[in-house]
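Here the structure comes first, spelled out in C-alpha cells, and everything after it is commentary.
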Amino acid sequence: FGGRAVAFAGVSGAGKTSLAAACQRAGFRVLSDDIAAIDLEAGRRVDAGYPFIKIELQTAARFGCDPADLGLLHNGEPDKRSWRLPGFSSGSEVLGAVFLIEKGDDDAIDRLPQGEALIHLLPHVFPTRLVLPGDAKQLAQLGRLVKETPVYRFRRRPGLEHLMAHIERIEKTLAAG
C-alpha cells in the first residue's frame, strides 16, 4: 500500500489470507502469508516469505483459481490447499501499519493506543504463539514496533463479497495517517 508493507494479524479464520489474496488481485504485492519477518534494525523491513498461501477451496474458487492448480497440505486439512499466488513478491518493504482483524457485525477501523496495541499484538508474536518463553528483548522489540508503527483494530463483516470494500477502507485509513 503506497510502497509500504501492511501486516494483517488475527486468529485463525479471521480472514487474513482471503484479504491478502484480494489485495493481490487488486494490484498490491503480497510478501508473506502466516508469518511476517520484521527486521527492526533495518528500519522495520518486512522480507518476502514462502510464495504460497494456505487457502480454503471455496475462497480460491472465488478468485478464479482452478482446483487442479492447488497443492495438498502436509497436515491433510480437507478444505484447505496451498496456492502459489501469482505475482508473489520476492523483495522487502518497510512496514507501514499493522491491522488486527476481528470479525464483527459491522466494519470499523480504529487506531489503537500504544499500550493497547502491545497487549493485542503479543499473542501474534511467533515465540508467544508457539508457547515458548519470551524474553525481555522480545517485549522491548514489540514495544519499539508499536511506537514506530500504527496499529489498527479492523472489525469487519465476514464474507468474501465485502473484500474489495475492506481494501478501500484500509487504503483510506492509511491515506489519512
Side-chain angles (χ1 to χ4, degrees), residues 1-51 53-54 85 87-104 106-157 162-177:
F1 288 86
R4 299 223 170 211
V6 171
F8 300 124
V11 299
S12 179
K16 302 175 300 288
T17 298
S18 299
L19 191 54
C23 286
Q24 186 274 335
R25 291 294 179 164
F28 297 100
R29 294 183 304 143
V30 174
L31 289 168
S32 183
D33 183 49
D34 279 339
I35 296 175
I38 303 167
D39 186 346
L40 294 176
E41 300 309 316
R44 298 186 334 267
R45 293 204 75 78
V46 179
D47 294 324
Y50 188 61
I53 63 173
K54 183 170 70 171
L85 204 58
F88 209 95
S89 179
S90 61
S92 67
E93 296 288 343
V94 173
L95 181 64
V98 176
F99 288 84
L100 293 164
I101 301 175
E102 301 174 354
K103 289 184 180 178
D106 61 348
D107 297 329
I109 297 178
D110 301 300
R111 186 165 178 175
L112 296 176
Q114 290 176 8
E116 193 175 340
L118 181 80
I119 291 167
H120 287 287
L121 278 177
L122 201 51
H124 304 287
V125 174
F126 188 67
T128 306
R129 287 183 56 210
L130 292 178
V131 195
L132 297 174
D135 60 17
K137 183 178 178 183
Q138 176 189 356
L139 190 58
Q141 288 175 335
L142 189 57
R144 179 176 165 195
L145 179 73
V146 300
K147 279 184 180 178
E148 298 176 1
T149 310
V151 178
Y152 299 92
R153 175 181 292 121
F154 180 17
R155 191 174 56 249
R156 64 175 207 84
R157 291 172 290 161
H162 303 295
L163 288 173
M164 294 313 294
H166 295 326
I167 292 170
E168 290 173 12
R169 185 166 281 107
I170 291 168
E171 285 183 291
K172 287 179 185 175
T173 300
L174 294 171

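Start at 1 with the first residue, then count along the sequence.
- Among residue pairs with one or both ends in residues 142-152, those qualifying as side chain to side chain donor-acceptor pair (under 3.5 Å) are Glu41-Arg144, Arg44-Thr149, Arg144-Glu148; sequence neighbours excluded.
- Applying the salt bridge (Lys or Arg N to Asp or Glu O under 4.0 Å) test to residues at least two apart or on different chains, the pairs with a partner in residues 165-177 are Asp107-Arg169.
- Listed by chain and residue number, Asp106 satisfy the salt bridge (Lys or Arg N to Asp or Glu O under 4.0 Å) test with Arg155 (two or more places apart in sequence, or in another chain).
- When all heavy atoms of Ser18 and Leu163 are compared, the closest pair comes out as O-CD1, 3.8 Å.
- The two residues Val94 and Gly43 come nearest to each other via the heavy atoms CG1-O, 3.4 Å.
- Taking Lys54 as the reference, Glu77 meet the salt bridge (Lys or Arg N to Asp or Glu O under 4.0 Å) condition, with sequence neighbours excluded.
- Taking every heavy atom of both residues into account, Gly96 and Pro150 meet most closely at O-CD, 3.3 Å.
- With sequence neighbours left out, the side-chain hydrogen bond (donor to acceptor under 3.5 Å, both in side chains) criterion links Thr173 to no other residue.
- Taking the salt bridge (Lys or Arg N to Asp or Glu O under 4.0 Å) definition, one finds that Asp110 meets it with nothing, sequence neighbours left out.
- To the nearest 0.5 Å, atoms CZ (Phe99) and CD1 (Ile109) are separated by 5.0 Å.
- Between the CG atom of Asp47 and the OG atom of Ser89 there is a distance of 10.0 Å, given to the nearest 0.5 Å.
- Rounded to the nearest 0.5 angstrom, Arg156 CZ and Lys103 NZ are separated by 6.5 Å.
- Lys16 places no side-chain N or O within 3.5 Å of a backbone atom of Leu100 that could act as its donor or acceptor partner.
- Closest approach of Ala97 to Leu95, counting heavy atoms only: O-CD1, 3.4 Å.
- Between Leu19 and Ile167 there is a side-chain heavy-atom pair separated by less than 4.5 Å.
- Contact check for Leu122 versus Leu139: side-chain heavy atoms found under the 4.5 Å cut-off.
- Between Phe1 and Phe28, the angle of the ring planes stays under 30°, which puts this pair in the parallel group of the 30/60° scheme.
- Summarising the geometry of Gly143 relative to Leu118, their closest heavy-atom pair is N-CD1, 3.6 Å, with the distance given to 0.1 Å.
- Residues Gly91 and Leu31 share a closest heavy-atom pair of O-CD2, 3.6 Å.
- Considering OG1 of Thr17 and CD1 of Ile53, their distance stands at 6.0 Å, rounded to 0.5 Å.
- Going from atom CD of Gln114 over to atom CG of Leu142 covers 11.0 Å, rounded to the nearest 0.5 Å.
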